[in-house]
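Have a look at the structure below, then the notes.
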Amino acid sequence: MRFSTALRDRARRRLEELNKADIVVGIPSYNVASTIGHVVYTVIKGLEKYFPDRRSLVIIADGGSVDDTREEADRIQITSYNIEKLIFIYRGVPGKGSAIRAILEAADFLKSQVCVTIDADITSITPEWVKNLVDPIVDLGYDFVTPYYRRYKFDGTITNTIAYNLVRALYGRRVRQPIGGDFALSRAIVKHFLEHDVWDTDVARFGIDIWMTTTAIVHAFRICQTRLGVKIHEAKDPAQHLGPMFRQVVSTTFILMEQYWNFWRRIKRSHPVEIVGEEPPGEARPFHINLEYLVEYFKLGFKNFGPVWKNVVGSETYNDLANLIKLDYSSFRMPAEMWAKIVYDFAATFHSWPMQ
């Protein structure tokens, strides 16, 4: 079912009562009872500390959590007269994108100067995150602020192996965390995003972050990166947890390549994106990755889908992959050039195969 809005009636009535807010901070949530309280509490402290004279609204846009996510968010008390909190279940396609739509609609309705989105599973968030995200919009006139983290080298699998590289190569901007999740948006770009008819598509699942970053670049909005320091969240072992997110982010990326080919075909080189904000303290923590399982899963994929892969990557790359599966996990290395070629081969196949 298509919805004209992601906001339910109760949420809309509450927004009408509020009428205006200078800052909206939205937190998309789903089954994050263990972390949501800390995130909401820290956001409120950041607003109290750095923007005490601004009218602010903290929104928890929930996907129908079956744990105590909404109860934990509601438990956090607000003592500042300038800060309000709104918790509701959004309408629309299940996924982060629909939650973002609800947050953007609220910010647009309240004529907010700045809208911030923060992931609900972040345990390293500090009050300074709020300042570093809001200031570039309010003080420096940027339209879209992306996060700049310090992360463990194996954290951010999809970012490191696909998202950052393709955004830089195709669209010519070095946005280090194009799917980071913690963004700030001006009123102008909020309205621009809401005008796009993407909210009933797969973008409304996990593809929303790469869609927002790419759209901001292509439509020439002012973009910067802000220092947020260490990002500690529920680390995802790529051998176990990244399948659905991988498919949705990559498919959105390839769809955007189709949509904006006339833009990226003219790009000849990449350019840095300004990094602003003071660097918060802290160091990224390592975590375990089951490399042996990951390599074995790759070998199983080659066994089951090798003929399909051969149609995608061609005989030469296919032979190189066939040699890779002979290696055990301790000596397994895929050359970067091979991986880059595979990514573009799959993009080209996505373009040419009618069923994609």
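Below, all heavy atoms of this structure are taken into account, side chains as well, without hydrogens, waters or symmetry copies.
With respect to Arg13 and Glu16, no salt bridge is recorded, no charged nitrogen being found less than 4.0 Å from a carboxylate O. Of the charged side-chain nitrogens involved, at least one lies within less than 4.0 Å of a carboxylate oxygen, so that Lys299 and Glu296 count as a salt-bridged pair. Salt bridge Arg150/Glu279: present, at least one basic N to carboxylate O contact under 4.0 Å. Taking the charged nitrogens against the carboxylate oxygens, Glu84 and Arg55 have no contact shorter than 4.0 Å, which rules out a salt bridge. Taking 4.0 Å as the cut-off between side-chain N and carboxylate O, Asp108 and Arg187 do not count as a salt-bridged pair. Checked for salt-bridge contact, Lys96 and Asp119 meet the test: a charged N lies under 4.0 Å from a carboxylate O.
Residues passing the ring-ring contact (aromatic ring centres under 6.0 Å, His included) test with His192, sequence neighbours excluded: His196, His219, Phe221. Residues that satisfy the salt bridge (charged side-chain N to carboxylate O under 4.0 Å, His left out) test with Asp74, not counting sequence neighbours, are absent from this structure. Applying the ring-ring contact (aromatic ring centres under 6.0 Å, His included) test to Tyr142 and every residue at least two apart in sequence or in another chain returns nothing. Among residues two or more places apart in sequence or in another chain, the side-chain contact (heavy atoms from CB on, under 4.5 Å) test is passed with Arg265 by Trp261, Asn262. Taking the side-chain contact (heavy atoms from CB on, under 4.5 Å) definition, one finds that Arg168 meets it with Tyr164, Arg174, Ser270, sequence neighbours left out. Legend: residues meeting side-chain contact (heavy atoms from CB on, under 4.5 Å) with Glu105, ordered by chain and number and at least two apart, are Thr5, Ala6, Leu7, Arg101, Leu194. With sequence neighbours excluded, the residues forming a salt bridge (charged side-chain N to carboxylate O under 4.0 Å, His left out) with Asp345 are Lys341, listed by chain and number. The salt bridge (charged side-chain N to carboxylate O under 4.0 Å, His left out) search around Lys85 returns none, not counting sequence neighbours. Qualifying ring-ring contact (aromatic ring centres under 6.0 Å, His included) partners for Tyr344, counting only residues two or more places apart in sequence or in other chains: none. Arg151 pairs by the salt bridge (charged side-chain N to carboxylate O under 4.0 Å, His left out) definition with Asp155, not counting sequence neighbours.
The list of salt bridge (charged side-chain N to carboxylate O under 4.0 Å, His left out) pairs with a residue in residues 21-47, not counting sequence neighbours, reads Lys20-Asp22, Lys45-Glu48. Within the structure, salt bridge (charged side-chain N to carboxylate O under 4.0 Å, His left out) contacts touching residues 315-334 (residues at least two apart or in different chains) do not occur.
Listed here is the closest heavy atom pair of Pro147 and Leu228: CB-CD1, 3.6 Å.
Remark: aromatic rings of Tyr318 and Phe302 are close, center separation under 6.0 Å. Taking the centre of each ring, Phe332 and Phe298 come in below the 6.0 Å mark.
Neither side chain, Tyr41 nor Gln77, offers a donor N or O lying under 3.5 Å from an acceptor on the other. Ser29 and Asp62 form a side-chain donor-acceptor contact under 3.5 Å, judged by distance and modelled atom types alone.
Residues Leu321 and Ile342 are in side-chain contact: their nearest non-hydrogen atoms beyond the backbone lie under 4.5 Å apart. Using a 4.5 Å heavy-atom threshold, the side chains of Val25 and Ile59 count as separate.
In this structure, the side chain of Asp68 does not engage the main chain of Glu71 through any donor-acceptor pair within 3.5 Å.
Within 6.0 Å of OH on Tyr171 lie more than 12 heavy atoms contributed by other residues, nucleotides or ligands. Counting heavy atoms of neighbouring residues, nucleotides and ligands inside a 6.0 Å radius, atom CD of Glu278 does not exceed 12 of them.
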Step by step, work out the side chain to side chain contact (heavy atoms under 4.5 Å, CB included) result for Asn160 and Arg176. CA-CA 9 Å; Asn160 294 336; Arg176 191 62 190 85; 3.1 Å; yes
Do Tyr50 and Asp135 pass the side chain to side chain donor-acceptor pair (under 3.5 Å) test, and can you show the C-alpha distance, the side-chain angles, and the key distance before you say yes or no? CA-CA 10 Å; Tyr50 294 108; Asp135 279 352; over 6 Å; no
Between Thr69 and Tyr30, is the side chain to side chain contact (heavy atoms under 4.5 Å, CB included) condition met? List the steps. CA-CA 7 Å; Thr69 293; Tyr30 182 69; over 6 Å; no
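Ile83 and Phe51 fall within the same hydrophobic cluster, where Ile, Leu, Val, Met, Phe, Trp and Tyr residues are linked whenever their side-chain heavy atoms come under 4.5 Å apart, directly or through other members.
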